[in-house]
2 protein chains.
Amino acid sequence: METTYINRKDHIRQVAQQLFRKNGYTATSMRNLAGEIGIEPASLYSHIKAKEDILQQICFELAGSFFDAVTPICDALIPTEEKLRRVIVAHIQVITNNLDASAVFFHDWRHLGMESLKKFRTLRSEYEELFRSIVRQGMAEGTFRKVNEKFMVLTIFSAMNWTYEWYQPGMNLNSEAIGNNLADMLINGLKTIERLKD
Amino acid sequence: METTYINRKDHIRQVAQQLFRKNGYTATSMRNLAGEIGIEPASLYSHIKAKEDILQQICFELAGSFFDAVTPICDALIPTEEKLRRVIVAHIQVITNNLDASAVFFHDWRHLGMESLKKFRTLRSEYEELFRSIVRQGMAEGTFRKVNEKFMVLTIFSAMNWTYEWYQPGMNLNSEAIGNNLADMLINGLKTIERLKD
DNA sequence: CCTACCGATCGGTAGG
DNA sequence: CCTACCGATCGGTAGG
């Protein structure tokens, strides 16, 4: 049986993601990686310059995916509550579509070198600001309760970013349902309440 | 100036927590640790048997703190909503009082050896069940909306456990306020709503 | 708590 | 993509 493989560099990154997720970046050796792929350790360096290159690729490519998914929603002219719901769903879909990369992204970004680390932190701040501005808007117009804005956004990210820890592809909840459940919970809360019609 | 030090074993663990939190368990060498303490690497082994011993101490002692803080609240005869609020506040206080240990607990538990790992997972399940039973009770009696129970509890833990990533001791929010804000948000949601009196 | 040291493994390079 | 190999560093032990 013949299989068409993706190119070697992507193959390396894919296997690396799995190993980094399972054992952590530092605990994964280039020998582990090469062994899993089925080549000699030294051969990896025909495709990559250094171990950290792989980490950089994983982190920055996923960062790109987050921005690509969320930015168009931020620019859309839709009600604030709906906007928040949609960015939550979009963010979670990126995570569930990239579970290995997400685990590395959230765990191992701090092992990036100084230069990459700085760039990474900047990107992350910019991304968080996208959510912060939606929350700010909602509070200003009275859609959302006025609570500490920073705290609010941190909580939203907390709830979203833990998803990769427990989500499994075979689950009875698909990723859109998870996003909507989470948005429901954050927006409407857990309590049984009588609501006046909108 | 004389200082009374805590005993050496505790000192080792305390410094280890800081280093593990900053650089990760695997990326921290016994030489790093010894250097930070100011002794020779080999001298560490007068106080501990192995590197993993330190990780075990950190993880299981913090697990104990979580149980100690939350169990009495679970046993109390108080309304379900209040009970959920209090376990959330208690859990977050354990985290904010043990920031280094919490970071290690949430990040590095997977580097425990097979035996400890199994024990750790069992404890964690038991702990999660404490929260799950409160949520279940609340849904049964109509205090909480009926949503997927497992999902609900995972979201609560997500929001709580991310705290160690951004909480800093000097913040204008103290840990009880953070717990209450979080409980508010999870219980009442973000939306501006008209509520009937309880 | 130190000196001296072990075998194993690390990320990476030279040269083909 | 491989063979052969580098210097550095790893967790840990022997013996005092």
Side-chain angles (χ1 to χ4, degrees), chain A residues 2-59 104 107-117, chain B residues 2-59 104 107-117:
Chain A
E2 257 176 63
T3 316
T4 306
Y5 285 107
I6 51 179
N7 72 62
R8 257 287 139 94
K9 196 172 176 182
D10 286 346
H11 188 196
I12 290 172
R13 195 185 47 180
Q14 195 186 42
V15 175
Q17 279 172 11
Q18 292 166 11
L19 293 176
F20 292 170
R21 180 187 188 183
K22 196 179 172 200
N23 304 318
Y25 173 74
T26 336
T28 304
S29 71
M30 297 304 271
R31 282 158 179 82
N32 296 150
L33 178 54
E36 197 71 25
I37 292 171
I39 58 176
E40 291 302 314
S43 304
L44 290 169
Y45 293 89
S46 307
H47 304 97
I48 54 152
K49 278 185 319 192
K51 189 186 181 189
E52 204 207 304
D53 271 17
I54 308 176
L55 184 60
Q56 284 179 29
Q57 279 175 38
I58 296 170
C59 290
V104 177
H107 264 119
D108 286 323
W109 58 268
R110 61 193 170 148
H111 295 115
L112 289 167
M114 255 186 29
E115 190 185 339
S116 311
L117 194 57
Chain B
E2 257 176 62
T3 315
T4 306
Y5 284 107
I6 51 180
N7 73 61
R8 255 290 138 94
K9 197 172 176 182
D10 286 346
H11 188 194
I12 290 172
R13 196 185 44 179
Q14 193 187 43
V15 174
Q17 279 172 11
Q18 293 167 12
L19 293 175
F20 292 172
R21 181 189 188 182
K22 194 179 172 199
N23 305 317
Y25 172 74
T26 335
T28 303
S29 71
M30 297 305 269
R31 283 158 179 84
N32 297 150
L33 179 54
E36 197 71 26
I37 292 170
I39 58 175
E40 291 302 314
S43 304
L44 289 168
Y45 293 90
S46 306
H47 304 98
I48 55 153
K49 280 186 318 193
K51 187 185 180 187
E52 204 207 306
D53 271 17
I54 309 177
L55 184 60
Q56 283 180 29
Q57 280 175 38
I58 296 170
C59 290
V104 177
H107 263 122
D108 287 322
W109 57 267
R110 60 193 170 147
H111 295 116
L112 288 167
M114 254 184 32
E115 190 184 338
S116 311
L117 194 58

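Each chain gets a letter, A, B and so on, in the order its sequence line appears, and its residues count up from 1. When reading the values below, keep in mind they use all heavy atoms of this one structure, side chains included, and skip hydrogens, waters and symmetry mates.
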Inset, instruction - Report yes or no: does E36(A) contribute a side-chain atom to a donor-acceptor pair with the main-chain N or O of V15(A) at less than 3.5 Å? - result: no
Inset, instruction - On DNA chain D, check which nucleotide each of A27(B) and A42(A) is closest to and give me the residue with the more 5' one. - result: A42(A)
Inset, instruction - Would you mind classifying the nucleic acid contact of T28(B) as base, sugar-phosphate or nothing, using non-hydrogen atoms under 4.0 angstrom? - result: sugar-phosphate
Inset, instruction - Apply side-chain contact (heavy atoms from CB on, under 4.5 Å) to I37(B) and L44(B), showing your working. - result: CA-CA 10 Å; I37(B) 292 170; L44(B) 289 168; 4.1 Å; yes
Inset, instruction - Give the rounded distance in Å between these two atoms: CD of E52(A) and P of dC10(C). - result: 18 Å
Inset, instruction - Indicate whether OP1 or OP2 belonging to dT9(D) is found under 4.0 Å from a side-chain N or O atom of S29(B). - result: no
Legend entry - D108(A) (side chain) donor-acceptor with Y25(A) (main chain) under 3.5 angstrom: yes
Legend entry - Whole-Å distance separating the CD1 atom of I48(A) from the P atom of dT13(C): 10 Å
Legend entry - Shortest non-hydrogen contact from Q57(A) toward R13(A): OE1-CD, 3.6 Å
Legend entry - Partner nucleotide of dA14(C) by Watson-Crick or wobble geometry (both distances under 3.5 Å): dT3(D)
Inset, instruction - Go through the N and O atoms of the side chain of S46(A) and the base of dC1(D), and report whether any donor-acceptor pair is under 3.5 Å. - result: yes
Inset, instruction - Nearest whole angstrom, please: distance from the C1' of dG11(C) to the CZ of R31(A). - result: 7 Å
Legend entry - For atom CG of N32(B) and atom C1' of dT9(D), their distance in whole Å: 10 Å
Legend entry - Partner nucleotide of dT9(D) by Watson-Crick or wobble geometry (both distances under 3.5 Å): dA8(C)
Inset, instruction - Verify the contact: side-chain N or O of R8(A) to OP1 or OP2 of dC1(D), cut-off strictly under 4.0 Å; return yes or no. - result: yes
Inset, instruction - Report yes if at least one side-chain N or O of S43(B) is closer than 4.0 Å to OP1 or OP2 of dC2(C); otherwise report no. - result: yes
Inset, instruction - Would you kindly compare P41(B) and K51(A) by the position of their nearest DNA chain C nucleotide and give the one closer to the 5′ end? - result: P41(B)
Inset, instruction - Could you state the atom-to-atom distance from CG of L33(B) to P of dG12(D) in whole Å? - result: 12 Å
Legend entry - Whole-Å gap separating P (dG11(D)) and CE (M30(B)): 7 Å
Legend entry - Atom-to-atom span, OH of Y45(A) to C1' of dA4(D) - whole angstrom: 16 Å
Legend entry - Value in whole Å for how far the C1' atom of dT9(C) lies from CD of E40(A): 16 Å
Legend entry - Non-hydrogen atoms of M30(A) and I54(A) that approach each other most closely: CE-CD1, 4.5 Å
